[in-house]
Number of protein chains: 2
Amino acid sequence: MIQSIERSSAVLRLLAAGPDRLRVKEIADALGLPKSTAHGILRTLEHVGFVEQDPRTTRYRLGRGLLDLGDAGLDVNELRSRALDWADALAARTVEAVRIGVLQGDSVRVIHHVFRPDDTTQAMDTGLVVPAHATSLGKILLAYDVTALSLGGLDPYTRKTVTVRRELARALAEVRAQGWASAVEEWESGRAGIAAPMRTFGGLVVGAIGIYGPVERICDSRLRPRPALVEQVRATAHAISRDLSGPRR
Amino acid sequence: MIQSIERSSAVLRLLAAGPDRLRVKEIADALGLPKSTAHGILRTLEHVGFVEQDPRTTRYRLGRGLLDLGDAGLDVNELRSRALDWADALAARTVEAVRIGVLQGDSVRVIHHVFRPDDTTQAMDTGLVVPAHATSLGKILLAYDVTALSLGGLDPYTRKTVTVRRELARALAEVRAQGWASAVEEWESGRAGIAAPMRTFGGLVVGAIGIYGPVERICDSRLRPRPALVEQVRATAHAISRDLSGPRR
DNA sequence: GACTCTCGTGCGACAATGTCGCACGTTGTC
DNA sequence: GACAACGTGCGACATTGTCGCACGAGAGTC
């Protein structure tokens, strides 16, 4: 049994039982814990949105996160604004177009899009909905989402599109193993993408970020994603994840 | 930030987001955790009632404990049945009457009572409601309950009853520090009690158990609770706490 | 119906992590 | 205005949680 989780549940029960907000000292005394330990638990619980601290009275009460456990506490807009600067930087470094997507039903909704720096003739992709099983963004989101793979028919878009469910499952397992995904000419011929997951507290995946462009620039001569680009995408995703797991508000 | 708590929140969110029950593997993969780690977290969460595992499908879903955070997941009857055997043993070893109480409003409700082994002329105390500030059971419950000390007037019952709120607060702090409480002729003259807290997961106090009897047997010549008896009560309370934190159902 | 594969579970060793004690700065109280 | 009590942060230690591996069982498949 994990001690800190047991203690957390006790704290939550205490807050639920108590009529009004509680002080750190009260909680610590009630549970027989040092102030410091109780404080650490409370900080974490606040961090994940299960409790909230009234900044004026410094007292703690139950947080909204308990009520709406559904989302990770951050909506699409917040995710977008958080990832915005990072996406720009990624586009600048890789000189490729950057997309950020979240899962919406069985498909991927592109919630942010950065043009490739030196290319002016591009369409605005924000708001676009793309298939999940044929894009790198989608593979990431499917790989880490448990509701996934309940999707309907795997429509083919090119000759390289994965349409066999078993094959897709194996691909997703590989994505999980290596921590990033690619899709080479599986959605549009001549185009390829590399993507990585953006995570919140505890590793929960809330979105995907990736680059997208002509095969000849994304991949090497053997049509394998260039390691340098993969590393850029991964590093950016990691940075955003750290940001998302960081201070709220 | 405490890692395991963050992960727990991610697990809970995952379960809340997913439409149906989830497998260990799915959760582990979604969060990028080893199966074993995810399993440990799930075991603990099940332990505290935040998730439940369908014994047939072995899948996990959100538990009732999240909904009714109010009580510790165990009602008075369960607490009673859990502590029953221990109470008998305590009575046998100390040769004193044993009482188990829970907080009910500002008072203590005695939910279980064991007669003193060699005494036949005793009244049945189960169901009795006694004042909190003048009994050892009550002091324990007040010391560890955060809603406490909001109680009304501190009625005096004997000359030794603590009626000054400040004095009571200091007494409760001492109770917390030493982990047990006593009340010597504060409720009924000639009678004294020694009590200790019964705890669940994380240290949450759910009740008090103690012995009660004539001063001359409970205390030494200086009216101090006999250390041997204190140790017996504490040991029993600890044993019950271990039991309560053990396997559910 | 037997096989194979995948999953849930348990154990042990390691090291990372959470815990604890102490001290600071501030707030609320007498 | 002075005191006390609280919330907060830091660091060292040791406990605790994590990870890898292996067993056994169940379901799906041929």
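Numbered from 1 within each chain, the chains take letters A, B, ... in sequence-line order.
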inquiry  = For B:K35, give me all partners under salt bridge (Lys or Arg N to Asp or Glu O under 4.0 Å), at least two apart in sequence or on another chain.
reply    =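 Once residues adjacent in sequence are excluded, B:K35 has no partner under the salt bridge (Lys or Arg N to Asp or Glu O under 4.0 Å) criterion.
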message = Among residues at least two apart in sequence or on other chains, which ones pass salt bridge (Lys or Arg N to Asp or Glu O under 4.0 Å) with A:R176?
response =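 Applying salt bridge (Lys or Arg N to Asp or Glu O under 4.0 Å) to A:R176 gives B:D29.
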Bounds of contact between DNA chain D and chain B, in 5' to 3' order, using a heavy-atom cut-off under 4.0 Å =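 Contact span on the strand: D:dT18 to D:dG20.
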task = Check side-chain hydrogen bond (donor to acceptor under 3.5 Å, both in side chains) between B:S4 and all other residues, then give those that pass, not counting sequence neighbours.
result =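 Partners of B:S4 under the side-chain hydrogen bond (donor to acceptor under 3.5 Å, both in side chains) test: A:S4.
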message = Can you tell me how far apart CG (A:L103) and CG (A:L142) are? Round to the nearest 0.5 Å.
response =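 Rounded to the nearest 0.5 Å, the CG-CG separation comes to 6.0 Å.
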ask   = So how far is it from A:L45 CG to B:S9 OG, rounded to the nearest 0.5 Å?
value =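 Going from the CG atom of A:L45 to the OG atom of B:S9 covers 9.0 Å.
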task = Can you check each nucleotide of nucleotides 23-30 of chain C against protein heavy atoms at under 4.0 Å and return B for base, S for sugar-phosphate only, - for none, in 5' to 3' order?
result = -----S--
inquiry  = A quick test of your reading: do over 12 heavy atoms of other residues, nucleotides or ligands sit less than 6.0 Å from CH2 of A:W187?
reply    =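 Yes, CH2 of A:W187 has more than 12 neighbouring heavy atoms, counting only those of other groups under 6.0 Å.
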request  = Step through the shown structure and confirm whether more than 12 heavy atoms of other residues, nucleotides or ligands are within 6.0 Å of CH2 on A:W86.
outcome  =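 Result for CH2/A:W86: open.
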May I have the distance from [X] (atom [atom1]) to [N] (atom [atom2]), rounded to whole angstrom?
{"X": "A:R7", "N": "C:dG18", "atom1": "CZ", "atom2": "C1'", "answer": "9 Å"}
{"X": "B:I2", "N": "C:dT17", "atom1": "CD1", "atom2": "C1'", "answer": "10 Å"}
{"X": "B:L22", "N": "C:dG8", "atom1": "CG", "atom2": "C1'", "answer": "15 Å"}
{"X": "B:L33", "N": "C:dA16", "atom1": "CG", "atom2": "P", "answer": "17 Å"}

request  = Determine the interplanar angle of the B:Y157 and B:H133 rings, folded into 0 to 90°, and report it as parallel if under 30°, tilted if 30 to 60°, perpendicular if over 60°.
outcome  =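 Taking B:H133 first and then B:Y157, their aromatic rings sit tilted (interplane angle of 30° to 60°).
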ask   = Mapping B:K25 and A:P34 onto DNA chain C by nearest heavy atom, which one lands closer to the 5' end?
value =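 Whichever sits nearer the 5' end wins; that is B:K25.
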ask   = Are the side chain of A:T44 and the backbone N or O of B:I2 linked by a donor-acceptor pair below 3.5 Å?
value =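 Present.
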query = Between A:T236 and A:L90, is there a donor-acceptor pair closer than 3.5 Å when you use the side chain of the first and the backbone of the second?
reply =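 Not at all, since once roles are kept as given, no pair shorter than 3.5 Å links the two residues.
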message = Which is more 5' along DNA chain D, the nucleotide nearest B:G32 or the one nearest A:Q53? Just name the residue.
response =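 Looking at DNA chain D, the more 5' nearest nucleotide goes with A:Q53.
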request  = Inspect the contact between B:K160 and B:E186 and indicate whether a charged nitrogen and a carboxylate oxygen are less than 4.0 angstrom apart.
outcome  =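 Salt bridge absent between B:E186 and B:K160.
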inquiry  = Give the residues of residues 36-44 of chain A touching DNA chain C, defined as any heavy atom closer than 4.0 Å, sorted by residue number.
reply    =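 Heavy-atom cutoff 4.0 Å gives A:S36, A:T37.
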ask   = Does a side-chain N or O from B:R59 land closer than 4.0 Å to OP1 or OP2 of C:dG8, or not?
value =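 Looking at the OP1 and OP2 atoms of C:dG8, neither is under 4.0 Å from any side-chain N or O of B:R59.
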